[in-house]
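Worksheet for the structure shown next.
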There are 4 protein chains.
Amino acid sequence: MSVDEQRRPARVKRLPREVRERQILDAAVRVFSQHGYHNASMDEISDVAGVSKPMIYAYLGHKEDLFAACIRREASLLMDAIASGVRAESPPDMQLWHGLRAFFEFVASQRESWKVLHRQATSQGGPFSEELLAMRSRAINLVDALLVRSATSRGLGETATKATEALAAALVGAGESLADWWLDHPDVPEKVVASWLMNLVWMGLGDLVDGAVWTPTPEAAPE
Amino acid sequence: MSVDEQRRPARVKRLPREVRERQILDAAVRVFSQHGYHNASMDEISDVAGVSKPMIYAYLGHKEDLFAACIRREASLLMDAIASGVRAESPPDMQLWHGLRAFFEFVASQRESWKVLHRQATSQGGPFSEELLAMRSRAINLVDALLVRSATSRGLGETATKATEALAAALVGAGESLADWWLDHPDVPEKVVASWLMNLVWMGLGDLVDGAVWTPTPEAAPE
Amino acid sequence: MSVDEQRRPARVKRLPREVRERQILDAAVRVFSQHGYHNASMDEISDVAGVSKPMIYAYLGHKEDLFAACIRREASLLMDAIASGVRAESPPDMQLWHGLRAFFEFVASQRESWKVLHRQATSQGGPFSEELLAMRSRAINLVDALLVRSATSRGLGETATKATEALAAALVGAGESLADWWLDHPDVPEKVVASWLMNLVWMGLGDLVDGAVWTPTPEAAPE
Amino acid sequence: MSVDEQRRPARVKRLPREVRERQILDAAVRVFSQHGYHNASMDEISDVAGVSKPMIYAYLGHKEDLFAACIRREASLLMDAIASGVRAESPPDMQLWHGLRAFFEFVASQRESWKVLHRQATSQGGPFSEELLAMRSRAINLVDALLVRSATSRGLGETATKATEALAAALVGAGESLADWWLDHPDVPEKVVASWLMNLVWMGLGDLVDGAVWTPTPEAAPE
DNA sequence: AATGAATGAGACTTCATTCAT
DNA sequence: TATGAATGAAGTCTCATTCAT
């Protein structure tokens, strides 16, 4: 046993696989969100993780796989955060409201996660769409359920129920986009952003109910 | 006469600099929007442009410069499109409406431009923010002017005029975000997307006038 | 077993870093001295070293760093050679003499080292001056000590001791220059070159003692 | 005739070849001495010369040819300077002295020329040696003639005349080296440097006459 | 006589990835 | 389980050089 082994702050050795994977993912999320997917180097990730590169490859595969794993994990965390924000006993609109608040709170407190999750995943092409799509489906289902109940409580009949799915999708997409935009405008209070989106949804539901919104004055609309 | 001469689609030779620059920018926009900034290789751009790499460097500089030039050009195109959509003689709300329509029409018809302009430029860090900020300022000014007139026509007094600037900024940001989201949901008709945004603005202006929007029922709001 | 395996002189694999660094430096000194700093290509160095380029960058950094490392190492070798040539028990003038001999012997036997060390480092600008200056300081100190003792033994008083430092600097510079010149005149015996320089120093010291040197006849000197 | 032609500070057009060549050489000497052979770019030379690159190639050939032409011209200037410094009616040692003074004065006043001529040409390999050798031969002949007369005046017989050629060569080489060294030590007065060299020669001639110089004490000299 | 336009070739550098221990 | 050692492949950028006008 040579003296050299003591030279650097001893890396803990022989940890169970589970722990190593968490270390690696933590480091990867951090590095990816900091430098972006491409500028992130496996070298830096392995440094930050305190693990050698071959370990990363053994446990989590290539760079793309690693990134996908990051997305998967962070998406789960987000979904959990939202789900736990919604209280089943509240009226539907308040459930929606609290879900939105939970979402934006997550974005606010987990900027790194969100950056990886959405901004990076979105701007990189193909290989990561699947992960994003899967996450979105889950989110849409969640929201759709809330919308249906909300709409019912506002007197919307059965006929339009299918439209709620589209609205749910829009809401999720708008939420993503709005959160993304919010990243660049951190001075806007979270509650305000959340209420913007809430209003958009409410108006959307209102559309379905009575259509009382701004429309182009017919005589001026050329199309 | 060897076969080699036929190998590649005959490049036109000795064009004036102006023309070449346009060719190069066209190619760059295409390649950047397809593969993203980092995955785009100067080699591919030079191939697509039908020009050798040294020409690119001589005319448009390094990769970053080239990308910035793309952003600048596409931003100008967008601003022109919007400006030309707005008719000065219309009432203010119709001007806003047509501006929005023009914006979304541009996004729809120039997907590549928009991808480069917003998605790529947003997800790449620092060096490109300036270009984006410059463009955004121009856009915000344009919108602000419209909003002020619209608000006046709805009876808003002098006191709140400063708030319109904030709303303009929000509108521009929301527009960017919504368009970005729309990219992934091409089945939603352009008019619908535009009307969503129009309503959001209208509601925002309404806020300034009478504040009639959804708010969480006070007793249920914990925060 | 394919033919390919035999194509290149089998590289020894997985050597410890220390060894590889030496291999690389050896190769670099050789290539730099052969082609000059600019014409030397990292490719050739890596070939000669029997190591891939990424290793060079990992171990010794950029081209400039690598060159600086060469200078540092060769300078150390030179200083060691000189120091070990000087015998502490000899009279001062003999110490100086042996130091000079050792210097010229080093230049003769390590032409490559010397070329890198002096000719290349001198003709390249800025980044390498520091290394050269550092080496020169060490040499000057060494020589100065010898000169002081030599001068004392020839009856030089305290007052002129500061002048020895200047003379030491001159000697080192002259030595460098003379050795450099000698590179192009290998037929001159080493002992002769050494004695030339020795005489120059002796005359310089003599100057300090009694000034008996050639001078232009006053009436003919126009300036 | 378009307006464009007037845009830049009008390059003088249609000059006779002779003039153009001088412009180009002037620029080349300047750029080569500033950046070194390799870092000098044909682009910069053509800019400084106010002439397009194809002209350079047409008149003076490739980069190497151009550099060789620089060496040739500057060498001629140097030889002229030395020759004009020597006055035929002076005694031989004063002729030598004035020749040396002229040489160092040239180096001092034409640093650029000298840098190109010696330092650059020396540190670049092969292709330029020829030019340097040719120049050196001329110089050696000149010096040899002086030495022969000087030696004769000091009582040297016929037998040793051949040795003067070697000494002449040594003097020229030492002069080059010393001047080169002087470049890095501009604070040493020119007269001092010249006198150093003069003394070295004088001592060398003294060697030929009577051998009264420092020699290692026989018992201590191992070799 | 003179040049703007154009390029082949090659330099340095870095990265994801894998052996061999 | 864990890693230091090692590299193929690719990317950005620059330069000397030459057409075609």
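Convention: sequence-line order gives letters A, B, ...; per-chain numbering from 1.
Between the side chain of C/Asn39 and the main chain of C/Gly36, no donor-acceptor pair closer than 3.5 Å is present.
Atom-to-atom, CG of D/Asp43 to C1' of E/dT3 comes out at 13 Å; the value is rounded to the nearest Å. When the C1' atom of F/dA9 is taken as reference, atom CE of A/Met42 falls 17 Å away, rounded to whole Å. Here E/dA11 presents its C1' atom at 12 Å from OH of C/Tyr37, a figure rounded to the nearest Å. In this structure, D/His62 places its NE2 atom 18 Å from P of F/dC15, rounding to the nearest Å. Separating the CD1 atom of D/Ile24 from the P atom of E/dT3 is a distance of 10 Å, rounded to the nearest angstrom. Between the CG atom of B/Asp65 and the C1' atom of F/dT12 there is a distance of 13 Å, given to the nearest Å. A straight line from CD of D/Glu18 to C1' of E/dA1 spans 16 Å, rounded to a whole angstrom. We find that CD1 of B/Ile45 is positioned 11 Å from P of F/dC13, with the value rounded to whole Å.
Judged by closest nucleotide on DNA chain E, B/Pro16 is the one of C/Gly61 and B/Pro16 placed further toward the 5' end. The residue among D/Asn39 and C/Pro54 whose nearest nucleotide of DNA chain F is located toward the 5' end is C/Pro54. With DNA chain E read from its 5' end, the first of the two nearest nucleotides for C/His38 and A/Ala40 is the one closest to C/His38.
Checking F/dA2, F/dT7, E/dA16 against every side-chain atom of A/Ser52, the shortest atom distance belongs to F/dA2. Relative to the side chain of C/Leu15, the nucleotides F/dA6, E/dA16, F/dT14 differ in distance, and F/dA6 lies closest. Minimum atom distance to the side chain of A/Tyr59 is reached by F/dT1, of the listed F/dT17, F/dT1, F/dA6.
Close to E/dA6, at under 4.0 Å from its OP1 or OP2, lies a side-chain N or O of B/Arg20. For C/Tyr57, no side-chain nitrogen or oxygen approaches OP1 or OP2 of E/dT14 to under 4.0 Å.
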Exercise. Apply salt bridge (charged side-chain N to carboxylate O under 4.0 Å, His left out) to the pair D/Asp26 and D/Arg73, showing each step before the final yes or no.
Key: CA-CA 10 Å; D/Asp26 288 344; D/Arg73 191 182 69 164; 2.7 Å; yes
Check against side-chain contact (heavy atoms from CB on, under 4.5 Å), C/Asp47 and C/Val31
CA-CA 10 Å; C/Asp47 269 9; C/Val31 174; over 6 Å; no
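Residue-level contact check: A/Met55 touches the bases, meaning some heavy atom is under 4.0 Å from a base atom. No contact: D/Arg17 has no heavy atom under 4.0 Å from any strand.
Looking at C/Lys53, its side chain comes within 3.5 Å of the base of E/dT13 through a donor and an acceptor atom.
Judged by a 6.0 Å distance limit and a 45° cone about the ring axis, B/Lys63 is positioned over the six-membered ring of B/Tyr37.
Pair check for E/dA16 finds F/dT7; Watson-Crick or G-U wobble, both atom distances under 3.5 Å. With a 3.5 Å ceiling on both atom-pair distances, the Watson-Crick or G-U wobble partner of F/dT21 is E/dA2.
Each of B/Gln120, B/Arg30, B/Glu44 was checked for a side chain to side chain donor-acceptor pair (under 3.5 Å) with B/His35, and the lone residue meeting it is B/Glu44.
A salt bridge links C/Arg17 with C/Glu21; the closest basic N to acidic carboxylate O contact falls under 4.0 Å.
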